Asker: 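Before we start, here is the structure in question, set down as structure tokens.
Values in this document were obtained by computation on a predicted structure and should not be read as measured data.
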Amino acid sequence: MEWIILCNPDDYDIDGAFDNLPIINYRQSTNIRPGDIVYVYCSRSMQYIKYKCKVLESDIYSETMPIEPYDDTPYHKGLGPNKTKSWMKLKPIYKYDDNALS
């Protein structure tokens, strides 16, 4: 399956995370499964699709979410792991040019 998910750059520095880490932990809001493709739409001032990613793991809850070996905590702007929400691991496949898919 393929999905479009929203990333608010005011809440998560996805560019900084993918510039420094090969895999990130990202909140999951649908029935996304490992192997699915996720397109990340950056909202606010950007308003375009920025990344194509592969889902490596899904349905991870904060008490079991391993931070190691890729700790993306510094890129969460006050919205770190939440016990009531599930998370997924994303690996970037492609980074689109700014405004290429607005």
Asker: Of all the heavy-atom pairs spanning Pro34 and Ser58, show the shortest one and how long it is.
Answerer: CD-OG, 3.2 Å

Asker: For the rings on Tyr51 and Phe18, is their centre-to-centre separation under 6.0 Å?
Answerer: yes

Asker: Would you call Arg33 and Glu57 a side-chain contact if the rule is heavy atoms closer than 4.5 Å?
Answerer: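 They are not in side-chain contact.
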
Asker: Rounded at 0.5 Å granularity, tell me how far OG in Ser86 sits from CG in Asp59.
Answerer: 5.5 Å

Asker: State the CD1-CD1 distance between Ile5 and Ile49, to the nearest 0.5 angstrom.
Answerer: 10.5 Å

Asker: When rounded to the nearest 0.5 angstrom, what distance separates CH2 in Trp87 from CZ in Arg27?
Answerer: 7.0 Å

Asker: Which atoms form the tightest heavy-atom contact between Ile60 and Lys89, and what is the distance?
Answerer: CD1-CG, 3.9 Å

Asker: To the nearest 0.5 Å, what is the distance between CD1 on Ile32 and CD1 on Ile37?
Answerer: 11.0 Å

Asker: Which residues satisfy the ring-ring contact (aromatic ring centres under 6.0 Å, His included) test with Tyr75, sequence neighbours excluded?
Answerer: none

Asker: Evaluate the side-chain proximity of Met88 to Thr30: yes if any heavy-atom separation is below 4.5 Å, no if none is.
Answerer: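 They are not in contact (no side-chain heavy atoms under 4.5 Å apart), so the answer is no.
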
Asker: Contact between Leu56 and Leu90 at the side-chain level, heavy atoms closer than 4.5 Å - yes or no?
Answerer: no

Asker: Is there a side-chain contact between Val40 and Ile4, using heavy atoms and a 4.5 Å cut-off?
Answerer: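 Sidechains of Ile4 and Val40: no contact.
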
Asker: Search all heavy atoms of Tyr26 against all heavy atoms of Tyr12 and return the closest pair with its distance.
Answerer: CE1-CD2, 3.8 Å

Asker: Between Ile14 and Cys42, does a side chain to side chain contact (heavy atoms under 4.5 Å, CB included) hold up when you go through it step by step?
Answerer: CA-CA 9 Å; Ile14 196 162; Cys42 294; 4.1 Å; yes

Asker: For Asp36, give me all partners under side chain to side chain donor-acceptor pair (under 3.5 Å), at least two apart in sequence or on another chain.
Answerer: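 Result, side chain to side chain donor-acceptor pair (under 3.5 Å) vs Asp36: Trp3.
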
Asker: Less than 4.5 Å apart, side chain to side chain, heavy atoms only: is that true for Asp15 and Lys95?
Answerer: yes

